[in-house]
Visitor: 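Sharing a structure with you now.
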Amino acid sequence: MDIDSMPKGYTPGDVEDKWYKYWEDNGLFKAEDKSDRPPFCIVIPPPNVTGVLHMGHALNNTLQDILCRYKRMRGFNVLWQPGTDHAGIATQNVVEKSLAANGTDRHAIGREKFIDLVWEWRAKYGGIIINQLKKLGSSCDWSRERFTMDEGLSRAVREVFVSLYEKGLIYRGDYIINWCPRCHTALADLEVEHEERDSFLYYIRYPYQDGKGGLIVATTRPETLLGDTAVAVNPDDERYLDLKGANVLLPVLDRPIPVIFDGYVDKSFGTGALKVTPAHDANDFEIGNRHGLERIKVIDEDGMMNDMAGPYRGMDRFECRERIVDDLRAKGLLEKVEPYRNATGHCYRCKTMIEPLLSKQWFVKIAPLAEKAVQAVKSGRTRIIPSTWENVYFDWMNNIKDWCISRQIWWGHRIPAWYCDGCGEVIVAKEAPKKCRCGSSGLRQETDVLDTWFSSALWPFSTLGWPDRTAALETFYPTSALITGFDILFFWVARMMMMGLHFMDEVPFRDVYIHALVRDAEGKKMSKSKGNVIDPLEVIEQSGTDAFRFTLAAFATQGRDVKLSEDRIEGYRHFVNKIWNSSRFVLMNLDEDSFSGANPAERSLPDRWILTRLGKVSDEIGQALDDYRFNDAAGLCYQFVWHEFCDWYIEMAKEWLYGEDEALKKSVQTTLKEVLMGVLRLLHPFMPFVTEDIWQRMPGVRESIMKASFPVSSDFK
RNA sequence: GGGCGGGUAGCUCAGUUGGGAGAGCGUCGGCCUUACAAGCCGAAUGUCGCAGGUUCAAGCCCUGUUCCGCCCACCA
């Protein structure tokens with residue numbers, strides 16, 4: 001054979017783009033809405049539209065692609081459904097930053113103009129992440145690409161919102177919520193990160209109204225005392241039994257507030273007396289509800305003290321704290337200050353300290369939805385793999401609280417609710433109503449948008465065409481598997497379960513495979529804000545996509561985090577080269593007869609041995625992939641190809657190839673060809689590019705390796 | 001406060017029902033043998049965190065303990 005076109009070393013660069021284009025041009029990633037073949041469907045975890053590829057994406061999408069390519073070779077009608085997420089706050093922040101760089105802000109240009117700008121931004125940068133996924137070799141059906149804000153998905157969002165509202169599962173109400181004074185929006189509980197920080201515990205005396213002594217209260221947030229409407233003690237606390245009906249005077253403001261008794265209060269903490277600020281603390285809010293306390297808001301949406309804060313009006317909340325402590329000390333009301341370490345909530349996007357705030361927001365009543373989602377996993381209709389995550393899932397689902405879905409930002413699905421200027425009626429509808437029932441046409445749409453995860457929760461069915469009953473939906477729902485990191489188990493997976501079960505009456509996926517997080521050298525989560533990311537594209541540039549993918553697969557051990565090692569990538573780059581060169585050897589030792597199709601009457605013992613081994617290993621690798629044991633599958637490939645096929649069989653084959661016995665030679669040539677082609681098929685899910693490149697060099701091959709079947713033992717009988 | 005994962009060769013990590021301690025990189029010795037020096041052949045390296053227990057047999061099971069990491073949580 002002529003092997004002049006095969007250089008001694010494999011060079012991935014040019015080859016990869018060529019074959020990716022070939023696959024796309026030949027429609028090899030396309031799924032069929034209707035087919036005789038069994039369906040296999042994965043919906044991609046949609047990356048943020050403004051995002052760039054990071055290691056987490058690389059791992060996540062490599063695993064998905066391995067499964068998809070494997071299943072295609074197994075004869076499945078595979079749909080890997082791609083798309084991107086509008087990523088409300090994240091995207092808005094990015095665009096706002098660029099505005100700030102130009103010395104302006106969104107308020108100066110107005111809502112409509114701002115949203116236009118975000119769409120422009122998306123048009124300009126939204127394709128980046130998609131192209132990067134292609135660099136990875138991702139075999140998505142790109143003809144079906146969706147975006148959470150496109151017309152169809154927006155329709156699904158409105159449909160779901162209205163339906164839940166009509167069933168009483170969405171409501172609007174005054175509650176204490178997590179407010180980010182920087183992003184200027186409410187956040188769901190999940191979007192608040194708790195972080196321990198050094199702080200102080202202040203012991204403050206609230207004088208009794210009747211003048212004798214006072215009640216000492218411990219707090220970490222003295223500035224909120226301006227909004228106190230009670231002091232609570234435990235009803236079983238013998239120290240305070242005689243305070244029934246007593247009032248104390250709020251320090252500084254001298255407002256009388258009652259002493260109340262509530263079982264929530266921990267006798268052993270501080271002095272056993274708790275100041276109650278219903279408008280600025282979630283627990284206090286609950287206590288306030290139980291006792292009918294007034295809610296006095298003293299901090300506004302900017303984190304500044306408002307008119308109710310009296311002399312502290314206009315101060316920043318942290319400045320106010322210092323001032324009020326000084327004043328308390330001056331008045332002799334500050335008993336003592338202890339160093340204290342406690343956890344405070346911070347915005348997951350900008351790390352600003354969260355201010356619990358009384359506010360009118362939209363919520364999803366979640367308990368009824370959670371119930372079915374728990375049952376679906378308990379009954380095995382959806383499997384979570386590895387199963388250790390099931391307990392985490394159950395814990396969260398069983399303690400779930402209502403989901404705050406409104407956000408005070410501009411980029412996102414605007415809540416389909418309208419307020420009537422005439423009668424004050426709230427109209428929730430899929431399309432903008434012309435006029436209210438009262439006859440008034442003065443309707444104003446809700447300015448809030450929905451939490452980004454609201455539309456993501458619909459992803460498994462909205463991308464397939466819901467609310468229309470499309471053929472795709474019929475064929476591919478429920479989807480086969482969801483491949484994702486545990487960091488979005490609650491944000492995304494749990495919510496898809498709930499929405500899927502509610503609207504489709506069926507689980508959104510049969511399997512959920514939870515893979516590890518790729519961490520940095522110190523075991524920390526890689527993130528843009530920490531600046532500790534290793535760029536996957538640089539790795540690809542350096543070592544080639546195939547080696548990179550194989551490394552990720554080999555690292556994807558269930559239940560363990562990945563700390564990426566450059567050395568391992570290097571090792572697998574050598575492996576790719578080994579495959580290249582063994583192919584080169586085989587090709588240069590074959591002749592036309594080897595491809596005639598006629599098997600030799602007899603095979604030598606080594607021939608039979610390697611064929612048997614190939615069949616056995618193929619079965620093991622198939623089983624490993626069926627079980628989502630990617631690292632085992634990769635290890636089996638490595639061991640077999642290098643240490644059995646190359647080190648033993650090829651070395652033995654040389655003797656016969658260069659020997660005198662023509663029959664033996666023919667047998668060996670045929671076996672070499674068969675094993676090589678088997679190996680290429682075996683490796684294709686992991687290393688799509690190099691295997692395709694070699695495959696199409698095999699004389700007689702006219703089709704993509706993607707059309708070949710995954711090898712099984714019966715192929716080599 | 002609750003839960004989870006991990007401490008295995010110098011480094012990064014595998015180790016599926018208990019029975020051989022492994023891979024990559026690195027190190028040492030020998031090989032430019034016509035597929036591959038990105039390679040081949042050979043070698044060294046580990047009280048598998050610590051202490052007990054079950055067993056004929058434990059890295060793997062049980063108990064305790066220590067260190068690290070993570071997740072969840074309304075103790076002010």
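The analysis underlying the following values was restricted to heavy atoms, covering all of them including side chains, and did not include hydrogens, waters or symmetry mates. All chains are named by letter (A, B, ...) in the order of the sequence lines, taking the proteins before the strands, and each is independently numbered beginning at 1. Just so it is clear, the model here is predicted, and its values are computed rather than measured.
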Visitor: Figure out the CG/C1' separation between A/D266 and B/A73, and round it to whole Å.
Guide: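 In whole Å, B/A73 C1' lies 15 Å from A/D266 CG.
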
Visitor: Could you please name the option among B/A76, B/C70, B/A38 that lies closest to any side-chain atom of A/R573?
Guide: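 For the A/R573 side chain, the nearest candidate turns out to be B/A38.
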
Visitor: Can you build the contact string for nucleotides 20-37 of chain B? Use B for base contact, S for sugar-phosphate-only contact, and - for no protein heavy atom under 4.0 Å.
Guide: ----SS---------BB-

Visitor: Using atom CD of A/E193 as one end and atom P of B/C70 as the other, report the distance to the nearest whole Å.
Guide: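 Those two atoms, CD and P, are 12 Å apart.
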
Visitor: Could you give the CG-to-P distance, from A/N398 to B/G3, as a whole number of Å?
Guide: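 Rounding to the nearest Å, CG of A/N398 and P of B/G3 are 15 Å apart.
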
Visitor: Taking A/N60 for its side chain and A/G56 for its backbone only, find out whether a donor-acceptor pair lies under 3.5 Å.
Guide: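 Judged by distance alone, no pair lies under 3.5 Å.
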
Visitor: Which of the following nucleotides, B/A76, B/C71, B/U12, is nearest to the side chain of A/F490?
Guide: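 So the nucleotide nearest the side chain must be B/C71.
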
Visitor: Roughly how far apart, to the nearest Å, are B/A38 and B/C32 at atom C1'?
Guide: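 Between the two C1' atoms, the distance is 15 Å.
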
Visitor: According to a strict under-4.0 Å criterion, is A/Y340 in side-chain N/O contact with OP1 or OP2 of B/A76?
Guide: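 For A/Y340, the contact criterion (side-chain N or O under 4.0 Å from OP1 or OP2 of B/A76) is met.
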
Visitor: Counting only N and O atoms by type, is there a donor-acceptor contact under 3.5 Å from the side chain of A/H280 to the main-chain atoms of A/P356?
Guide: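 Side chain of A/H280 to backbone of A/P356: a pair is present.
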
Visitor: Would you confirm whether the ring centroid of A/Y572 sits within less than 6.0 angstrom of the ring centroid of A/Y638?
Guide: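 That pair passes the under 6.0 Å test.
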
Visitor: Nearest 0.5 Å please: distance from the OH atom of A/Y649 over to the CZ atom of A/R613.
Guide: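 Reported value, rounded in 0.5 Å steps: 15.0 Å.
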
Visitor: Provide the distance between the two C1' atoms, one in B/C36 and one in B/C40, to the nearest whole Å.
Guide: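 Here B/C36 and B/C40 have their C1' atoms 10 Å from each other.
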
Visitor: Listed in order of residue number, which residues of residues 274-286 of chain A have a non-hydrogen atom at under 4.0 Å from RNA chain B?
Guide: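 When residues 274-286 of chain A is checked for heavy atoms under 4.0 Å from RNA chain B, the hits, listed by number, are A/L274, A/N283.
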
Visitor: Both conditions, 6.0 Å and 45 degrees, for the charged tip of A/K578 above the ring of A/F645: are they met here?
Guide: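 Not satisfied by the 6.0 Å and 45° rule.
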
Visitor: For atom P, what is the distance between B/G3 and B/A73, given to the nearest Å?
Guide: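 Their P atoms lie roughly 15 Å apart.
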
Visitor: Checking the side chain of A/N577 only, and the main-chain atoms of A/Y10 only, is there a donor and an acceptor separated by less than 3.5 Å?
Guide: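 The answer is yes, because a donor-acceptor pair under 3.5 Å joins these two groups.
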
Visitor: With sugar-phosphate meaning primed atoms plus P, OP1 and OP2, does A/V265 contact a base, only sugar-phosphate, or nothing at under 4.0 Å between heavy atoms?
Guide: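 The answer is base, as A/V265 lies within the cut-off (heavy atoms under 4.0 Å) of a base atom.
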
Visitor: Using atom P of each nucleotide, how far apart are B/C4 and B/G24 to the nearest Å?
Guide: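 Per the computed distance, 35 Å lies between those P atoms.
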
Visitor: With ring-ring contact (aromatic ring centres under 6.0 Å, His included) as the criterion, how do A/F575 and A/F686 come out once you've worked through the C-alpha distance, each side chain's angles and the decisive distance to 0.1 Å?
Guide: CA-CA 12 Å; A/F575 180 48; A/F686 303 91; 9.7 Å; no

Visitor: What is the separation between atom CG on A/L636 and atom P on B/A14, rounded to the nearest whole Å?
Guide: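 Whole-Å distance recorded here is 16 Å.
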
Visitor: Would you kindly give the CG-to-C1' distance between A/D237 and B/A76, to the nearest whole Å?
Guide: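 After rounding, the gap between these two atoms is 15 Å.
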
Visitor: Within the structure provided, determine whether A/R681 and A/W695 are in side-chain contact (heavy-atom separation under 4.5 Å).
Guide: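 Counting from C-beta outward, A/R681 and A/W695 do come under 4.5 Å.
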
Visitor: Output, in order, the C-alpha distance, side-chain angles, deciding distance and verdict of salt bridge (Lys or Arg N to Asp or Glu O under 4.0 Å) for A/E223 and A/R317.
Guide: CA-CA 7 Å; A/E223 71 278 14; A/R317 51 187 169 152; over 6 Å; no

Visitor: To the nearest Å, how far apart are A/D632 CG and B/U17 C1'?
Guide: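 Checked: the CG to C1' distance equals 14 Å.
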
Visitor: If we call it a pair only when both distances are under 3.5 Å in a Watson-Crick or G-U wobble match, what pairs with B/G26?
Guide: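 Looking at the geometry, B/G26 pairs with no nucleotide.
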
Visitor: Across all strands, who's sitting opposite B/G5 as a Watson-Crick or G-U wobble pair, both distances under 3.5 Å?
Guide: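 Here B/G5 is engaged in a pair, and the nucleotide opposite it is B/C68.
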
Visitor: Tell me: CG of A/D395 to P of B/G5, nearest whole Å?
Guide: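 Going from CG in A/D395 over to P in B/G5 covers 13 Å.
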
Visitor: By nearest nucleotide on RNA chain B, pick out whichever of A/L190 and A/L201 is the more 5' one.
Guide: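 With A/L190 and A/L201 compared, the 5'-side residue is A/L190.
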
Visitor: Taking the same atom, C1', in B/U47 and in B/U33, what whole-Å distance lies between them?
Guide: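 It works out to 43 Å between them.
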
Visitor: Do A/E191 and A/Y348 meet the criterion of a side-chain donor-acceptor pair at a distance under 3.5 Å?
Guide: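 Note: A/E191 and A/Y348 side chains meet the donor-acceptor criterion.
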
Visitor: To the nearest angstrom, how far is A/Q542 atom CD from B/A38 atom P?
Guide: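 The distance from CD of A/Q542 to P of B/A38 comes to 16 Å, rounded to the nearest Å.
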
Visitor: With both distances under 3.5 angstrom, what nucleotide forms a Watson-Crick or G-U wobble pair with B/G39?
Guide: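 By the stated definition (distances under 3.5 Å), B/C31 pairs with B/G39.
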
Visitor: Which residue lies toward the 5' end of RNA chain B, A/W396 or A/G9, if each is placed at its nearest nucleotide?
Guide: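 Closer to the 5' end of RNA chain B: A/G9.
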
Visitor: Give me the distance, rounded to whole Å, that separates B/U27 from B/U45 when you measure between the C1' atoms they each carry.
Guide: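 That atom pair is separated by 9 Å.
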
Visitor: Side chains of A/V217 and A/V248: does their closest heavy-atom pair fall under 4.5 Å?
Guide: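 Result no, sub-4.5 Å side-chain heavy-atom pair not found.
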
Visitor: Could you measure between the two C1' atoms, the one in B/G15 and the one in B/G46, and give it in whole Å?
Guide: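 Nearest-Å result for B/G15 against B/G46 at atom C1': 15 Å.
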
Visitor: Identify the nucleotide, in any strand shown, that forms a Watson-Crick or G-U wobble pair with B/A21, with both distances under 3.5 Å; if there is none, say none.
Guide: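 Because no pair has both required distances under 3.5 Å, B/A21 counts as unpaired.
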
Visitor: Please state the P separation for the pair B/U65 and B/G2 - nearest whole angstrom.
Guide: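 My reading of the P atoms in B/U65 and B/G2 gives 13 Å.
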
